Amino acid sequence: MSNYHIKHLEEYYQVYRKSIREPENFWEEIAEEHFVWRKKWNSVLEWDFKIPEVKWFSGAKLNITENCIDRHLATRGDKTAILFEPNDPKEAAEHISYTELSKRVNQFANVLKDKGIQKGDRVCIYVPMIPELAIATLACARIGAIHSVVFAGFSAVALATRINDSDCKMVITSDGSYRGAKIIDLKGIVDEALEHCPGVSTVLVAKRIHSEIYMKEGRDQWLQPLLDTASNVCEAEIMDAEDPLFILYTSGSTGTPKGMVHTTAGYMVYTAYTFKNAFQYKENDVYWCTADIGWITGHSYIVYGPLANGATTLLFEGVPSYPDFGRFWEIVEKHKVSQFYTAPTAIRALAKHGTEVVDAYDLSSLKVLGSVGEPINEEAWHWYNDNIGKKKSPIIDTWWQTETGGMMITPIPYVTPTKPTYATLPFIGIQPAIVDEKGNELSGNQVEGRLCIKFPWPSIARTIWGNHQRYKETYFSAYKNMYFTGDGALRDEVGYYRITGRVDDVIIVSGHNLGTAPIEDAINEHPAVAESAIVGFPHDIKGSALYGYITLKDIGESRSQDNLRKEINQLITDRIGPIAKLDKIQFSEGLPKTRSGKIMRRILRKIACNEMDNLGDVSTLLNPEVVQSIIDNRL
Ligand code: 6R9
């Protein structure tokens, strides 16, 4: 028996050691015992980080939808696969069973085929968080088309760039979408984008908001009538292990977005295995990840990982603040959610509104809490632990990336003792290294540097679509024979990892290296502070000095700003030392964020450095309007 489900710490260490000593035997056993294959592999792993090239399960044949759907039908046909919770709490939730999911995916796959989509074609999916989004991705996978999901909050320009970069032939969208009290004209955005996308010949439109929309003759078609007449049997395309499954764009620190390419078998094995262990999923649990399927978190841990385990995965259309800030907790109570996975930015936003809205709901079904997307600061960690988990549900702080496909460093709940702000131990099969600027690996504990990975894992992205050279330069050129993550990390006295933030966020003040995360942690301890971001700006004497952008909670608004500045700097002095004191503190209504909730320090840095004419495209931000107000109030 392979160690598919790890249950205690000793077992973790034992399995971890095996996965490092004999990676091929280890992954072969997992793959063999827990998945269905049309043909087994000829070799488990071939790799060379110098080319770079990585191949897992070479020669194997499979279809991921047979693993995510078909194989569950006999035993879990009536079990809910996707539990859809609409934006409006008055609209009934929809329980889509595995049998129903199978029918809908097969029908959709037949529609795609009918429209001329073939294995290897790229299909852009620009759909809000409704069941059609998950079904469309699975339908592509069913016939071997490569899906490129674009978050349905991106602008027409961003959408067009992504469609053209991977030559998508088709766009799947909806008439519009609901987001809290807002209605978004999605199809209008698609129409605008497609003026610049000559390669798109077909647009399929799901009906969600029943608005009057323009339908271009010969190009646009309503989806539902096509599904209604399509057969619900569609033979799965037999894929090679290394055939691309999807492209997902992620922004780099410079240049155009990178279309990360994930392939079939390794991605499936790793996302399924991490899902099972990192959430300790048990058969009747209801699992909920609040991310959007437009991000890697949604791909791996709303769709593929949960479904490969026959889980019930909740798909939420709305936002945490609608109709009020209790919405998440109302949903947890209503559906008896067992595992809840969200982002620190959401936790901070919710914490700002106090605990009354939390206490109104019964959260006793929760067993595991997850965090992903950015370092979770100490205050948010404790708020999450105290008020949501009631100190009983372990928090898994999961560090990973679009490029890694699945979780890389994370506690395993009820197995790994947690520690606030620490992602703790590498997941099974993951070999992290901390290196100094020259690329020397720092061995032993109590070291800090740049985080690299020394050995391939099954779900590593294989290339950047259309630009293998950029893939090589970005990830495999900084340090010899290692994958470079772009993050900084430290390993503490017991071997736990803490991610200290992007290394491009390191600021050197008077020769001292300062990470932004610990300073922000200190600031966020102040009871009046909601959120903060630190950047460096040039300073005559220190080289760089620190500029802090801070948003206040309601209670801070009436306070004297000068007093607050003093108190905040005192806190930093207390926690880190006077060297980390901020030279400038600007209070602002909000911080510019990406759609996935990451603070865009790049923009804040440019403003602090007075480089306002060089801000780049801010249109894809969650809140582009705050940028101007920050500029206007610049110190
Ligand atoms: C999954 C995802 C990746 C970057 C990554 C790092 C940051 C993600 C984190 C974290 C600290 C965590 N990040 N999880 N930092 N602790 N638990 O978010 O992918 O959108 O590609 O972002 O996010 O900086 O390098 P992606």
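As the structure lists them, so they are numbered: ligands from 1, and atoms in each ligand from 1. Computed from a predicted structure; not experimentally measured. When a residue number appears, it is its place in the shown sequence, counting from 1.
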### Task
Ignoring hydrogens and angles, tell me if any N or O in the side chain of Thr271 forms a donor-acceptor pair with the backbone of Gly406 under 3.5 Å.
no
### Query
If you count the non-hydrogen atoms of other residues, nucleotides and ligands that lie under 6.0 Å from NZ in Lys390, is the total more than 12?
yes
### Task
Report yes or no: is the cationic atom of Arg162 (NZ for Lys, CZ for Arg) closer than 6.0 Å to the six-membered ring centre of Phe154, at no more than 45° off its axis?
yes
Side-chain donor/acceptor pairs under 3.5 Å, residues 409-417, sequence neighbours excluded:
| unit_1 | atom_1 | unit_2 | atom_2 | d |
| --- | --- | --- | --- | --- |
| Tyr414 | OH | Lys367 | O | 2.7 |
| Thr416 | OG1 | Ile412 | N | 2.9 |
| Thr416 | OG1 | Ile412 | O | 3.4 |

### Message
Which protein residues come within less than 4.0 angstrom of ligand 1, counting heavy atoms only?
### Response
Ile296, Thr297, Val372, Gly373, Glu374, Pro375, Asp397, Thr398, Trp399, Trp400, Gln401, Thr402, Asp487, Ile499, Arg502, Lys598
### Message
Among residues at least two apart in sequence or on other chains, which ones pass side-chain contact (heavy atoms from CB on, under 4.5 Å) with Lys606?
### Response
Arg602, Glu611, Asn614, Leu615
### With sequence neighbours excluded, residues passing ring pair (Phe, Tyr, Trp, His ring centres under 6.0 Å) with Phe476
Phe49, Tyr471, Tyr483
